[in-house]
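What follows is a short report on a single structure.
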Amino acid sequence: MPGWLVFLVYAAAFSLAVWVDYEFPRVGWYWRIVAVAVALAIGLTPPPPSVAGPEFDLLVGAAFTFLFVWGICEMFFHLFHLPHHTVRRHA
């Protein structure tokens, strides 16, 4: 599998996680803890021999990247005082 494809998939997962956190910021802290825990669980679990391969590794890596980045992203929005998306309602 080419390295540029791996980079592209992981960059897309990273970007999607940041965009989702930017667009939908009001999520309970417990969901973020669950996302990080699930990301670590799927990232540290060895794959079954029947599905092991580069495609499976890419899929698991993208899921891990998305869940982990989404789980910790809110912390960086607060740390660097970055704004979230706000919906303006017209009266």
Side-chain angles (χ1 to χ4, degrees):
M1 181 169 303
W4 63 268
L5 181 62
V6 174
F7 176 77
L8 187 66
V9 169
Y10 287 173
F14 182 89
S15 300
L16 183 64
V18 172
W19 178 80
V20 166
D21 193 42
Y22 176 76
E23 284 291 323
F24 309 104
R26 303 292 176 236
V27 177
W29 60 268
Y30 45 87
W31 286 115
R32 300 203 182 260
I33 299 296
V34 168
V36 170
V38 169
L40 291 174
I42 67 170
L44 295 174
T45 303
S50 60
V51 295
E55 294 84 11
F56 181 76
D57 292 343
L58 189 64
L59 179 67
V60 169
F64 172 83
T65 302
F66 176 80
L67 289 171
F68 190 78
V69 169
W70 182 79
I72 66 170
C73 197
E74 183 67 25
M75 180 173 47
F76 290 105
F77 272 101
H78 284 299
L79 180 67
F80 296 117
H81 305 287
L82 299 171
H84 280 290
H85 178 72
T86 56
V87 177
R88 297 182 184 177
R89 298 178 191 234
H90 298 285

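The shown structure was predicted, so the numbers you read here are calculated from the model rather than taken from an experiment. One is the number of the first residue; the rest follow in order along the sequence.
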Contact list for residues 25-55, test ring-ring contact (aromatic ring centres under 6.0 Å, His included), sequence neighbours left out
none

Rounded to the nearest 0.5 angstrom, the OG1-CG distance for Thr45 and Leu40 is 10.0 Å

In this structure, would Ile42 and Leu16 fall into the same cluster of hydrophobic residues linked by side-chain contacts under 4.5 Å?
yes

Taking a hydrophobic cluster as the set of Ile, Leu, Val, Met, Phe, Trp and Tyr residues connected by side-chain heavy atoms closer than 4.5 Å, whether directly or through intermediates, do Phe14 and Tyr10 fall within one such cluster?
no

Smallest heavy-atom separation, Pro47 atom then Ala52 atom, equals CG-CB, 4.3 Å

Can Val34 be reached from Val60 by stepping across I, L, V, M, F, W or Y side chains whose heavy atoms are under 4.5 Å apart?
no

Pairs where residues 41-73 contributes a residue and the test ring-ring contact (aromatic ring centres under 6.0 Å, His included) is met, not counting sequence neighbours:
Phe64-Phe68

List the residues meeting side-chain contact (heavy atoms from CB on, under 4.5 Å) with Pro54, not counting sequence neighbours, and say none if there are none.
Met1

Indicate the atoms forming the closest heavy-atom contact of Val36 with Ile72, along with that distance.
CG2-CG2, 4.1 Å

Let me check something: do Leu44 and Val38 share a hydrophobic cluster, defined by ILVMFWY side-chain heavy atoms less than 4.5 Å apart, either directly or through other members?
no

